Asks: 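Here it is, the structure, as structure tokens.
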Amino acid sequence: LEGASRMDRRQFFGDSVARSIADDLRRVFSSAIGTLPETMNRLLHVGISTDRDGLMSLDTSKLKNALNSNFDGVVSLFTKATATTGIAEFIHQSASSIDDFVDGRIKGRQDGLKKNMTRIDNDIRQKETQLVSYEEQLRSQFTGLEAMLSSLQGQSKSLNNYFGGM
């Protein structure tokens with residue numbers, strides 16, 4: 001599984017959209033909810049942590065302790081209240097900016113790739129047309145050279161016959 005994880009990362013190496021999505025999600029999962037008390041304003045306060053590769057883990061004892069000692073605080077951390085936007089809402093907002101079918105980052109990336117593919121297809125068609133034209137030019141030159149060679153061979157035979165007969 002660890003090897004597959006490394007393989008997945010290589011597939012997106014250098015992709016700015018994938019990198020920005022990962023950065024946004026990392027920021028959401030590690031950020032503090034400013035309107036909540038400092039003792040219950042991050043996921044780590046309920047036992048959820050993220051390592052440097054983005055792998056999340058849950059400390060169940062810390063979560064149980066948080067639920068038992070401050071159930072309403074845990075609920076506020078995750079949900080949207082009147083004055084507070086919880087982690088779940090931040091995740092939803094981040095996901096919406098990523099996968100919105102009108103102007104999300106993935107849609108923008110797809111549109112850019114489609115535009116590039118169309119441009120490349122047009123370039124290929126143009127190069128194919130140029131290649132056909134060049135091929136016709138070479139064939140014409142070759143035909144001309146063959147005709148000239150045939151004429152020279154005829155002249156050579158005539159000269160050989162004329163001078164050879166002496």
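Hydrogens, waters and symmetry mates play no part in the numbers below; they use all other heavy atoms, side chains included. Treat the numbers as computed from the prediction; the structure is a model and nothing was measured. Counting begins at 1 with the first residue of the sequence.
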Asks: What's the spacing between Asp59 CG and Leu44 CG if we round to 0.5 Å?
Replies: 11.0 Å

Asks: Can Ile120 be reached from Leu113 by stepping across I, L, V, M, F, W or Y side chains whose heavy atoms are under 4.5 Å apart?
Replies: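 As far as the 4.5 Å side-chain criterion goes, Ile120 and Leu113 are not connected within one cluster.
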
Asks: Sub-3.5 Å donor-acceptor pair from the side chain of Ser140 to the main-chain atoms of Glu136, do we have one?
Replies: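 Checking the backbone N and O of Glu136 against the side chain of Ser140, no donor-acceptor pair under 3.5 Å is found.
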
Asks: Between Ser150 (side chain only) and Glu146 (backbone N and O only), is there a donor and an acceptor less than 3.5 Å apart?
Replies: no

Asks: Rounded at 0.5 Å granularity, tell me how far CE in Met117 sits from NZ in Lys114.
Replies: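 Met117 CE to Lys114 NZ: 8.5 Å, rounded to 0.5 Å.
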
Asks: Which pair of non-hydrogen atoms, one from Val75 and one from Thr79, has the smallest distance, and what is that distance?
Replies: O-OG1, 2.7 Å

Asks: With a 4.5 Å cut-off on side-chain heavy-atom distances among I, L, V, M, F, W and Y, is there a chain of contacts connecting Val28 to Leu55?
Replies: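 Looking at the clustering, Leu55 is in a separate group from Val28.
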
Asks: Return the minimal non-hydrogen interatomic distance between Gly86 and Ile33, and the atom names on each side.
Replies: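 Here Gly86 and Ile33 meet closest at C-CD1, 4.2 Å.
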
Asks: Checking Thr143 side chain against Arg139 main chain: does a donor-acceptor pair fall under 3.5 Å?
Replies: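 Such a contact is found between Thr143 side chain and Arg139 backbone.
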
Asks: Is it the case that the side chains of Arg125 and Asn122 hold a donor-acceptor pair, with the cut-off being a distance below 3.5 Å and no angle test?
Replies: yes

Asks: Decide if atom CD of Gln130 counts as having more than 12 heavy atoms of other residues, nucleotides or ligands within a radius under 6.0 Å.
Replies: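 Yes, enclosed.
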
Asks: Can you tell me how far the NZ atom of Lys115 sits from the CG atom of Asp111, to the nearest 0.5 Å?
Replies: 8.0 Å

Asks: Can you hop from Val46 to Phe71 via hydrophobic side chains spaced under 4.5 Å?
Replies: yes

Asks: If I take atom OG from residue Ser94 and atom CZ from residue Arg105, how far apart are they, to the nearest 0.5 angstrom?
Replies: 6.0 Å

Asks: So which atom in Met40 and which in Leu77 form the shortest heavy-atom distance, rounded to 0.1 Å?
Replies: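 The pair with the smallest heavy-atom distance is O-CD1, 3.9 Å.
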
Asks: Given the rule that I, L, V, M, F, W and Y join up when any side-chain heavy atoms are under 4.5 Å apart, are Leu63 and Met56 in one cluster?
Replies: yes

Asks: Distance check, rounded to the nearest 0.5 Å: Asn65 atom CG versus Thr60 atom OG1?
Replies: 11.5 Å

Asks: In sequence, state the C-alpha distance, the side-chain angles, and the governing distance for Gln126 and Asp123, and then conclude on side chain to side chain contact (heavy atoms under 4.5 Å, CB included).
Replies: CA-CA 5 Å; Gln126 180 184 10; Asp123 288 349; 4.3 Å; yes

Asks: Testing the basics here: between Glu38 and His45, what is the closest heavy-atom pair and its distance to 0.1 Å?
Replies: O-CE1, 3.1 Å

Asks: Any side-chain heavy atom of Ser156 sitting closer than 4.5 Å to one from Asn160?
Replies: yes

Asks: I'd like to know if Leu152 and Tyr162 are part of one continuous hydrophobic network [Ile/Leu/Val/Met/Phe/Trp/Tyr, side-chain heavy atoms within less than 4.5 Å].
Replies: no

Asks: What's the separation between atom CD1 in Ile87 and atom OG in Ser30, rounded to the nearest 0.5 Å?
Replies: 9.0 Å

